[in-house]
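First up is the structure itself, then whatever we jot down about it.
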Amino acid sequence: MVMKNNSVISQEEKKGSAAFQVFGFTNKIRRLSAHLELHKKDYSSQRGLRKILGKRQRLMAYFSKKNRVRYKELISQLNIREIKR
């Protein structure tokens, strides 16, 4: 379920960009979610998932303020919901 880097992030965007970081966090979230479906009582992984979700949420809030058009493109490509305001 991990997406290739080229389809979502353009070549100009570097590894430190907000879009690239959201992409990385989304991949981690999907991996951890799949892991937790098998291991329901892995509480340390649940905590890690919640921490990554919070980081992605804060980063997406920043990114939506900085570049709203690119933010809309990114959430549609990654198939994630828009942040609450």
Measuring only between side-chain heavy atoms, which start at C-beta, is [X] closer than 4.5 Å to [Y]?
X	Y	value
E82	Y71	yes
R56	I80	yes
L74	M60	no
F63	R70	yes
S45	H35	yes
Q46	K40	no

Rounded distance [0.5 Å steps], [atom1] in [X] versus [atom2] in [Y]:
X	Y	atom1	atom2	result
L53	L32	CG	CG	9.0 Å
F23	K15	CZ	NZ	11.5 Å
T26	I52	OG1	CD1	10.5 Å

**Request:** Could you tell me which non-hydrogen atom of L59 sits nearest to which non-hydrogen atom of A18, and how far apart they are?
**Result:** CD2-O, 3.7 Å

**Request:** Under the side-chain contact (heavy atoms from CB on, under 4.5 Å) rule, what do F25 and K55 come out as? Steps first, then yes or no, please.
**Result:** CA-CA 8 Å; F25 286 145; K55 282 183 184 180; 3.9 Å; yes

**Asked** Are any of the side-chain nitrogens in E37 or R31 under 4.0 Å away from the carboxylate oxygens of its partner?
**Response** no

